[in-house]
Amino acid sequence: MAEDRLKDLRSELDVINLELLQLLSKRADVVQRIGQLKQARGVAIFDPEREKQQLDRLVQENPGPFPDSTIRHLFKQIFQASQGLQEEQRKLLVSRQRSHEDTVVTVRGIKIGGGVPIIVGGPCSVETDDQMEKIGQEMQAQGIQLVRGGAFKPRTSPYDFQGLGEKGLRMLRDTAQKYGFATVSEIVNPADVEMAIQYVDMIQVGARNMQNFELLKAVGNTRVPVLLKRGLSATIEELIYAAEYIAARGNERIVLCERGIRTYEKATRNTLDISAVPILKQETHLPVLVDVTHSTGRKDIMLPVAKAALAVGADGVMVEVHPEPQVALSDAKQQMNFAEFEAFMEALRSAGMIPALTNSLR
Ligand SMILES: C=C(O[C@@H]1C=C(C(=O)O)C=C[C@H]1O)C(=O)O
């Protein structure tokens, strides 16, 4: 008999627990809505005055049998947990606090991040069928799996080669299909994103467009991997917020790329901010690449710079390669020719910094 009574009372408690749980969740939902308002208004999360008001009221209404001190203690715990929820809401989606695990971005089965460095290679611009055919053969011979090639070129001068547009994307895709690569290419106009993803596996947001917020939103609306380059005068924080624009739209397949920043130094085209790599790895959970071509603009130091990038934890390096750099329609001076590229790759391989060529790739 007594046994049955105990069971009944415990069943009663089980029901009350579920009711309390529902009420706690309902309360948490309101807390989160308050959190959003506070964030929008730039108001502090912790509000001791408001907490005091609530505690005073609760103690006043306390029907017992819990003593007032216990009621204060229990509700203080709830307030603290609520504060935690609001703090969680404030953390950027791309921030390290959101994920202790490194994000691995997979582009057509090729992993960026996760421990095995990748080399992304290809010409600055897609120019001719002949050029792309040679690129296809060379990239395949060197085991390059992700090939770059520009079709929309944001050039400093309006009189410089502007790229082949959709035709260039088609040529890049055809080469990729023939040789089995994945592709990345820059898009500058949000209206072109839908068209571009018919051709490319990864969309690049270039340095000059890092704060083209409409473009960031447009690529954020897709589920296609995005290579986001740091703006030439952008701080690391601004780069992280640019990535957040993409993530906030639901696309977290983002790879960051350090490509040098503008300083007073003239010996290199830009100044490679090597410290940005470990900082980005620490502050975000996203993979980070280093563009050694644009950051240096100098072929003679590309190898040591690439080694430095990999040594500080970059998930890969991006380089420009052209069959005949001297006649290239863009970046003629800084693209490597095939012999230079082969020496570059061989040096990284023999230093054990990138995987050896497997037989199937020879
Ligand atoms: C929910 C709020 O945020 C925090 C949490 C509180 C709560 O859980 O009741 C109260 C004050 C704040 O410290 C709020 O400001 O109302």
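Order of appearance sets the numbers: ligands from 1, and atoms from 1 within every ligand.
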Between the protein and ligand 1, are there any N or O atom pairs that come within less than 3.5 Å of each other, and if so, what are their names and distances?
residue, atom, partner, partner atom, Å
ligand 1, 3 (O), Lys38, NZ, 2.8
ligand 1, 3 (O), Gln86, OE1, 3.3
ligand 1, 3 (O), Gln86, NE2, 3.3
ligand 1, 8 (O), Arg27, NH1, 2.9
ligand 1, 8 (O), Arg27, NH2, 3.4
ligand 1, 8 (O), Ser82, OG, 3.2
ligand 1, 9 (O), Arg27, NH2, 2.7
ligand 1, 9 (O), Gln54, NE2, 2.9
ligand 1, 13 (O), Asp47, N, 2.9
ligand 1, 13 (O), Glu51, OE2, 2.7
ligand 1, 15 (O), Lys38, NZ, 2.8

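- Legend: residues meeting salt bridge (Lys or Arg N to Asp or Glu O under 4.0 Å) with Arg155, ordered by chain and number and at least two apart, are Asp160.
- Between Lys229 and Glu258 no salt bridge is recorded (no basic side-chain N to carboxylate O distance below 4.0 Å).
- Between Lys178 and Asp174 no salt bridge is recorded (no basic side-chain N to carboxylate O distance below 4.0 Å).
- Ile203 and Ile118 fall into different hydrophobic clusters, defined by Ile, Leu, Val, Met, Phe, Trp and Tyr side-chain heavy atoms under 4.5 Å apart, directly or through other members.
- Residues forming a side chain to side chain donor-acceptor pair (under 3.5 Å) with Ser275 (at least two apart in sequence, or on another chain): Asp273.
- Applying the salt bridge (Lys or Arg N to Asp or Glu O under 4.0 Å) criterion to Asp56, with sequence neighbours excluded, gives Lys52, Arg72.
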